[in-house]
Peer 1: 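Mind looking over this structure? Questions follow.
Excluded from the calculations below are hydrogen atoms, water molecules and symmetry mates; all remaining heavy atoms, backbone and side chain alike, are included. Here the structure is a predicted model, which is why all the values come from computation and not from measurement. To find a chain, count down the sequence lines: A is the first, B the second, and so on, and within it residues start at 1.
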There are 2 protein chains.
Amino acid sequence: MVVQAELSDSEVDRIFRALADATRRDILRRSLDSEASVSQLAAAYDMSFAAVQKHVAVLERAGLVSKRAVGRQRAVRGNPERVERARALLDRYEQIWRRRIERLDALLADDLTAEH
Amino acid sequence: MVVQAELSDSEVDRIFRALADATRRDILRRSLDSEASVSQLAAAYDMSFAAVQKHVAVLERAGLVSKRAVGRQRAVRGNPERVERARALLDRYEQIWRRRIERLDALLADDLTAEH
DNA sequence: CGCTTGTACAACCATAAGGTTGTAGATTAG
DNA sequence: CTAATCTACAACCTTATGGTTGTACAAGCG
């Protein structure tokens with residue numbers, strides 16, 4: 001099992017920032033489903049090629065997709081490992097909440113015991 | 001079981017946008033762990049009260065926290081349901097990728113069969 | 001070779017984000 | 001009642017974001 005380094009705050013910032021745009025989420029979905037060139041992606045949206053190119057760049061800087069040269073094209077593919085990392089972060093928040101509930105439950109149990 | 005409405009694109013935008021800042025993620029963690037007033041939260045960061053207040057407002061608009069009036073204080077508490085929703089979205093991306101792999105595996109199996 | 005296609009990137013613009021200070025209203029403490 | 005505390009919000013500033021157009025260059029096509 002590969003132990004991964006903790007993501008820095010700014011890396012996490014970039015990941016969630018990249019996910020905070022519907023076009024980028026759609027590009028991520030497509031590129032997880034199958035590789036597509038930047039121009040193929042661009043054809044799918046009602047905006048300039050350059051705009052789509054920028055969105056891909058934001059995803060790339062966040063590590064959510066990577067590009068591979070195929071002739072003059074750049075094949076974009078999603079990086080499931082990064083998505084998993086983001087999901088794991090949210091899992092931790094849920095754990096924090098669950099631990100809180102456990103503490104509260106324990107307190108309540110103590111109170112009931114004390115009432116004897 | 002409560003069936004939940006799909007989150008709109010802009011709701012998802014707000015959720016991930018809210019998560020894309022280290023201070024806000026920390027506020028979310030704290031408020032999932034235990035309720036805290038805005039001023040208690042503000043004391044924890046090296047920025048003005050108003051700045052922290054704005055961060056709380058961003059989290060609130062995203063539905064990640066809610067506020068409850070307690071005298072003159074506003075108790076901020078995290079909303080685990082929303083965190084779960086965000087996590088579920090990322091799960092879907094991972095599923096998309098897994099389905100792709102399954103398709104590729106199926107193709108490979110066909111090829112091997114064809115070679116007989 | 002010359003033309004088309006695919007990409008990269010700079011320059012620019014409008015708006016949003018993240019911070020500040022200042023003012024004002026509610027609530028509690030003395 | 002008066003003073004202190006907690007919150008809300010407006011106004012302002014700087015920088016980032018998301019879009020545009022235009023230019024440049026590499027790779028395929030005929």
Side-chain angles (χ1 to χ4, degrees), chain A residues 8-31 34-78 86, chain B residues 8-31 34-78 86:
Chain A
S8 70
D9 276 350
S10 59
E11 282 176 310
V12 177
D13 286 0
R14 277 195 292 273
I15 292 172
F16 285 124
R17 192 79 192 67
L19 291 169
D21 180 282
T23 303
R24 284 196 294 263
R25 286 193 299 275
D26 200 66
I27 291 173
L28 178 58
R29 262 187 293 266
R30 283 172 191 267
S31 60
S34 60
E35 276 193 351
S37 71
V38 181
S39 53
Q40 282 173 329
L41 290 170
Y45 309 99
D46 186 27
M47 64 182 73
S48 68
F49 175 85
V52 174
Q53 206 178 15
K54 277 194 184 183
H55 282 308
V56 172
V58 170
L59 288 165
E60 195 178 16
R61 267 179 257 125
L64 288 167
V65 307
S66 55
K67 278 187 288 192
R68 187 167 65 90
V70 178
R72 69 185 154 185
Q73 318 209 73
R74 296 293 176 272
V76 179
R77 77 182 150 192
Chain B
S8 70
D9 276 351
S10 58
E11 282 175 310
V12 178
D13 286 0
R14 276 195 292 273
I15 292 172
F16 285 125
R17 193 77 192 70
L19 291 169
D21 179 282
T23 302
R24 284 196 293 263
R25 287 193 299 276
D26 200 65
I27 292 174
L28 178 59
R29 261 188 295 265
R30 285 173 190 266
S31 60
S34 59
E35 277 193 352
S37 70
V38 181
S39 54
Q40 282 174 330
L41 289 170
Y45 309 100
D46 188 26
M47 64 181 72
S48 69
F49 174 84
V52 174
Q53 206 177 15
K54 278 195 185 182
H55 282 308
V56 172
V58 170
L59 287 165
E60 196 178 16
R61 264 179 260 126
L64 288 166
V65 306
S66 55
K67 277 187 287 192
R68 185 167 67 90
V70 179
R72 68 186 157 190
Q73 318 208 72
R74 296 293 176 272
V76 179
R77 78 182 152 193

Peer 1: Nearest-nucleotide wise, let me know which of A/Arg24 and A/Arg72 is further upstream toward the 5' end of DNA chain D.
Peer 2: A/Arg24
Peer 1: Enter the distance from A/Ser37:OG to A/Lys67:NZ here, rounded to the nearest 0.5 Å.
Peer 2: 11.0 Å
Peer 1: Is any side-chain heavy atom of A/Arg68 less than 4.5 Å from a side-chain heavy atom of A/Arg74?
Peer 2: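 A/Arg68 does not reach A/Arg74 side chain to side chain.
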Peer 1: Distance check needed: D/dG18 P versus A/Tyr45 OH, whole Å only.
Peer 2: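 Distance check: A/Tyr45 OH to D/dG18 P gives 15 Å.
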Peer 1: Under 4.0 Å, heavy atoms only, any strand: does A/Thr23 hit a base, just the sugar-phosphate, or nothing?
Peer 2: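 No contact.
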Peer 1: Write down the distance between NZ (A/Lys67) and P (C/dT7), rounded to a whole number of angstrom.
Peer 2: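 Between P of C/dT7 and NZ of A/Lys67: 9 Å.
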Peer 1: If you take all heavy atoms of B/Leu59 and B/Ala18, which pair is closest and at what distance?
Peer 2: CD2-CB, 4.1 Å
Peer 1: Rounding to an integer number of Å, can you tell me how far B/Gln40 CD sits from D/dT5 P?
Peer 2: 15 Å
Peer 1: Are the side chains of A/Asp21 and B/Phe16 in touch, meaning some heavy atoms are under 4.5 Å apart?
Peer 2: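 When only atoms from C-beta onward are counted, B/Phe16 and A/Asp21 do not touch, as no gap falls below 4.5 Å.
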Peer 1: Report yes if the side chains of B/Leu64 and B/Arg14 come closer than 4.5 Å at any heavy-atom pair, otherwise no.
Peer 2: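 Result no, sub-4.5 Å side-chain heavy-atom pair not found.
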Peer 1: Considering just the side-chain nitrogens and oxygens of B/Arg17, establish if one lies under 4.0 Å of OP1 or OP2 belonging to C/dA16.
Peer 2: no
Peer 1: Does the side chain of A/Arg74 get closer than 4.0 angstrom to OP1 or OP2 of C/dG6 through an N or O atom?
Peer 2: no
Peer 1: Just the rounded figure in Å: distance from P of C/dG19 to CD1 of B/Ile27.
Peer 2: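 Taking CD1 of B/Ile27 and P of C/dG19, I get 10 Å after rounding.
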Peer 1: Just the rounded figure in Å: distance from P of D/dT17 to CG of A/Asp13.
Peer 2: 10 Å
Peer 1: With a 4.5 Å heavy-atom cut-off, do B/Val76 and B/Gln40 have their side chains touching?
Peer 2: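 Side chain of B/Val76 against side chain of B/Gln40, heavy atoms only: no contact under 4.5 Å found.
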Peer 1: Please list, by residue number, the residues of residues 47-62 of chain A whose heavy atoms come closer than 4.0 Å to an atom of DNA chain D; answer none if no residue qualifies.
Peer 2: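 Those residues whose heavy atoms fall under 4.0 Å from DNA chain D, taken from residues 47-62 of chain A in numerical order, are A/Met47, A/Ser48, A/Ala50, A/Ala51, A/Lys54, A/His55.
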Peer 1: What is the distance, rounded to the nearest whole Å, between atom CZ of B/Arg68 and atom P of D/dC6?
Peer 2: 17 Å
